[in-house]
Visitor: 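Okay, handing you the structure first.
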Amino acid sequence: MARAAVQRRLTWLPARLVATSAESPRVHRLVFDVPGWSGHLPGQHVDVRLTAEDGYTAERSYSLASPPEVGELHLLVERLEDGEVSSYLTGELSPGDLIELRGPIGGYFVWSAAADQDDRDTGRRPVQLVAGGAGVSPFTAMLDHHRRRESPTPMQLLYSTRDESEILARGLLGPETTITLTRDVPVGWAGETGRVDAAMLLRCTVKPGDSPRIFVCGPTAFAESTATALVDLGHEPTSIRIERFGESKEPS
Amino acid sequence: MSVLSRGFGRARTRPADDRLPPGQYDVGNSFPVLSAGPTPHTPLARWDFGIDDEGGELRRWSWEEFQALPREAVTVDIHCVTKWSKFDTRWEGVAIDTLLRDVPTTASHVLASCDGGYTTNMPLPDLVNGRAWVVDTFEGQPLAPEHGGPARLLVPHLYFWKSAKWLRRLTLAHHDQPGFWETFGYHIYGDPWREQRYSGD
């Protein structure tokens, strides 16, 4: 029998921008104060709605990049060419401005310390995160939450990004994180280089024999090839959860 | 009363399209891929499609048998709950009406089940009278695995998560049983024109 769904209406809430900063050349970190926010689990996302003066509205989804322990909501927004919402959020929205937001949304691509305590059998299994580019966003919420709660669950992150300047949430990444650079590799770089493939997954992620719970987040081609390689390595398909950005002009 | 976003929409050039349900945008030529788990790759020799109910299996088709059924070509707009819409998508497959022709039933609802364990639910009337198909061809080509091949459900008047990829079974039932996303807070019915994205919308 299916679990009982949370039958709670998601209403639009005013969200006031309190801070915005360039996290990389293309990604901004936006910090919102959202009175009435009901809380969330690491991995969940929100819908954002912008309304023009003539009544035109646009909605997009963004993963939450902050853990539930933090009062404000952080979004890592990548500025996309022709992206009417992302270019407004990263280019025009200023501290003090209001937008609308509702959530939290999604209950599958989530990890929490409390759930691991409640379900000891599942909670014993390590967690492997695999990110491509801005797909690291929900994992920053998971890693930060893991640290703040001093969770005993083993957690690792393999993070693929184009070059050093595009590494997001740098201050949060610790020894649990392996970074691979796919384009420009600086002299003296000690991490991995090149795209995530079967050999790198074998070298840098939890082995199938340890039955990890695996979360993959990134662009479609990245998620597709990574998930296929993980299955080929012997991981159970049902242990792999995926969040994809699609090929759309905005993350979806 | 919604919050106005100062200066938003100034650069907008395209007029609002009346084919776009509320909150959606036109994704143009791209076709985003979304799924909760890895893409299954079921060989056609092992593929079959069945209709069952509480009492067990009612009908079953192998890939060859399915290919021999009367086919239809449809051109429809599709709307994903993640906000993108895609206009004039061309599909080919078998109407649910055809599949249910020799299946007398008093059922009110259907649960679709797929390779990989995905499920989704809808009222039976939403699948009949020319409103839904099991499709295996997209834009004249065999449906790619990442888009749901060998065959997927196509229910274009509901949000696209209802058009289950990698479809293997339809279960007729006398009650509505929430499927995968429906248990994670997504709307039980999912009408894009009423913007029924999440439970309570």
Visitor: Are the charged groups of A:Arg244 and B:Glu146 less than 4.0 angstrom apart, N to O?
Guide: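 A salt bridge is absent here (no side-chain N lies under 4.0 Å from a carboxylate O).
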
Visitor: Write down the atom of A:Tyr88, the atom of B:Arg6, and the distance for their closest heavy-atom approach.
Guide: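 Heavy atoms of A:Tyr88 and B:Arg6 come nearest at OH-O, 2.6 Å.
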
Visitor: Between A:Glu59, A:Arg102, A:Arg241, who has the most heavy-atom pairs with chain B when the cutoff is under 4.5 Å?
Guide: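 Between A:Glu59, A:Arg102, A:Arg241, the count favours A:Glu59.
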
Visitor: Non-hydrogen atoms of chain B under 4.5 Å away: do they reach the side chain of A:Tyr108, the backbone, both or neither?
Guide: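 Looking at A:Tyr108, backbone and side chain both touch chain B.
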
Visitor: Can you classify the ring geometry of B:Phe8 versus A:Tyr56 as parallel (below 30°), tilted (30 to 60°) or perpendicular (above 60°)?
Guide: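 Rings of B:Phe8 and A:Tyr56: parallel, under 30°.
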
Visitor: Could you report the tightest heavy-atom contact between B:Lys83 and A:Asp47, atom names first, then the distance?
Guide: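 Distance-wise, the nearest heavy atoms are NZ-OD1, 2.8 Å.
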
Visitor: Given heavy-atom pairs under 4.5 angstrom as the criterion, report whether the side chain, backbone, both or neither of A:Glu92 touches chain B.
Guide: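 Both parts, backbone and side chain.
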
Visitor: Heavy-atom distances under 4.5 Å only: say whether A:Ser239 touches chain B with side chain, backbone, both or neither.
Guide: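 Neither; nothing under 4.5 Å.
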
Visitor: Do A:Ile105 and B:Arg197 come within less than 4.5 Å of each other through their side chains, counting heavy atoms only?
Guide: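 SC-SC contact between A:Ile105 and B:Arg197 ruled out.
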
Visitor: I'd like to know which of A:Asp97, A:Leu93, A:Thr57 tops the heavy-atom pair count under 4.5 Å against chain B.
Guide: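 Of the options given, most contacts go to A:Asp97.
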
Visitor: Taking all non-hydrogen atoms of both residues, which atom of B:Val3 and which atom of A:Leu98 are closest, and how far apart?
Guide: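 Where B:Val3 meets A:Leu98 most closely, the heavy atoms are CG1-CB, 3.5 Å.
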
Visitor: Look at atom CZ of A:Arg203 and say whether more than 12 heavy atoms of other residues, nucleotides or ligands are closer to it than 6.0 Å.
Guide: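 Correct, the count exceeds 12.
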
Visitor: What's the shortest heavy-atom distance between A:Thr220 and B:Val33, and which atoms?
Guide: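 Scanning both residues completely, I find the closest heavy atoms to be CG2-CB, 3.7 Å.
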
Visitor: Please identify, among B:Ser35, B:Pro22, B:Gly117, the residue contributing the most non-hydrogen atom pairs under 4.5 Å to chain A.
Guide: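 Of the candidates given, the most pairs with chain A belong to B:Ser35.
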
Visitor: Pick from A:Ser94, A:Gly55, A:Gly107: which one has the most heavy-atom pairs with chain B under 4.5 Å?
Guide: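 The candidate making the most pairs under 4.5 Å is A:Gly107.
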
Visitor: Please report the closest heavy-atom contact between A:Ala52 and B:Leu4, naming both atoms and the distance.
Guide: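 Heavy atoms only, the tightest pair is O-CD2, 3.6 Å.
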
Visitor: Would you name the heavy atoms of B:Asp201 and A:Arg9 that are closest together and state the gap between them?
Guide: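 Heavy atoms of B:Asp201 and A:Arg9 come nearest at CA-NH1, 3.5 Å.
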
Visitor: Got a second to check how far A:Arg49's CZ is from B:Ser5's OG, nearest 0.5 Å?
Guide: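 Interatomic distance, A:Arg49 CZ to B:Ser5 OG, rounded to 0.5 Å: 9.5 Å.
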
Visitor: With a 4.5 Å limit on heavy-atom distance, are the side chains of A:Val231 and B:His41 in contact?
Guide: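 A side-chain contact under 4.5 Å is absent here.
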
